[in-house]
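Here's the structure we're looking at; comments come further down.
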Amino acid sequence: MSPFRIGQGYDLHRLVSGRPLVLGGCRLVHPDGLGLDGHSDADVLLHAIIDAWLGALALGDIGQHFPDTDDRWLGADSRELLKAVLALPGSRGWRLVNLDATIIAQKPKLAPHLPAMRGSLAELFDCPVSDISLKAKTNEHLDAIGRGEAIAIHAVILLEKQP
Ligand code: MG
């Protein structure tokens with residue numbers, strides 16, 4: 001197996017009322033009081049990152065590891081899901097080289113929150129903040145994301161096997 005592995009992850013969650021908005025382990029405030037719908041805390045950014053990590057190591061996907069039919073994950077803090085993935089036997093010996101993710105959201109404005117999210121992710125991966133890149137885009141008011149009905153994430157990860 002190559003000492004380098006690349007992984008890609010994608011996720012989308014609907015924005016609804018009566019739910020928290022959590023991105024990268026950070027609680028944000030939506031101007032219309034909306035949050036992300038889902039079985040866990042619906043942290044769509046962490047879910048895409050988890051899928052990127054699992055994808056890099058060909059360990060399946062988040063739905064296989066944490067099925068939404070399992071009440072253990074009801075309301076779960078997605079940081080705990082990521083920690084569980086990093087602790088899998090198949091993850092042993094692998095470390096993050098860098099992570100790059102794009103957050104697609106019409107609202108709220110994310111730029112002011114990116115430093116806190118990067119810090120939160122760097123803490124989870126126990127890596128420098130400079131290894132974590134987050135970019136925020138809108139969808140120019142087009143499609144469901146552009147109408148503010150959902151937030152989507154694309155994430156790419158590079159892993160290196162520790163000697
Ligand atoms: Mg998800």
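In this text, all values refer to a predicted model and were calculated from it rather than measured experimentally. For ligands, and for the atoms within them, numbers begin at 1 and follow the listed sequence.
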Going by atom types alone, do T69 and H39 pair a side-chain donor with an acceptor below 3.5 Å? no
Assess whether a salt bridge exists between D100 and K135, defined as any Lys/Arg side-chain N lying under 4.0 Å from an Asp/Glu carboxylate O. yes
When you measure from the side chain of D41 to the backbone N and O of S78, does any donor-acceptor pair fall under 3.5 Å? yes
Of all N/O/S atoms in H47, the name of the one nearest the Mg ion (ligand 1): ND1
Does any non-hydrogen side-chain atom of I145 lie less than 4.5 Å from one of I151? no
Taking 2.8 Å as the cut-off, does D43 contribute an N, O or S atom near the Mg ion (ligand 1), distance below it? no
Take the Mg ion (ligand 1) as the vertex and measure to NE2 of H13 and OD2 of D11; round to 10°. 90°
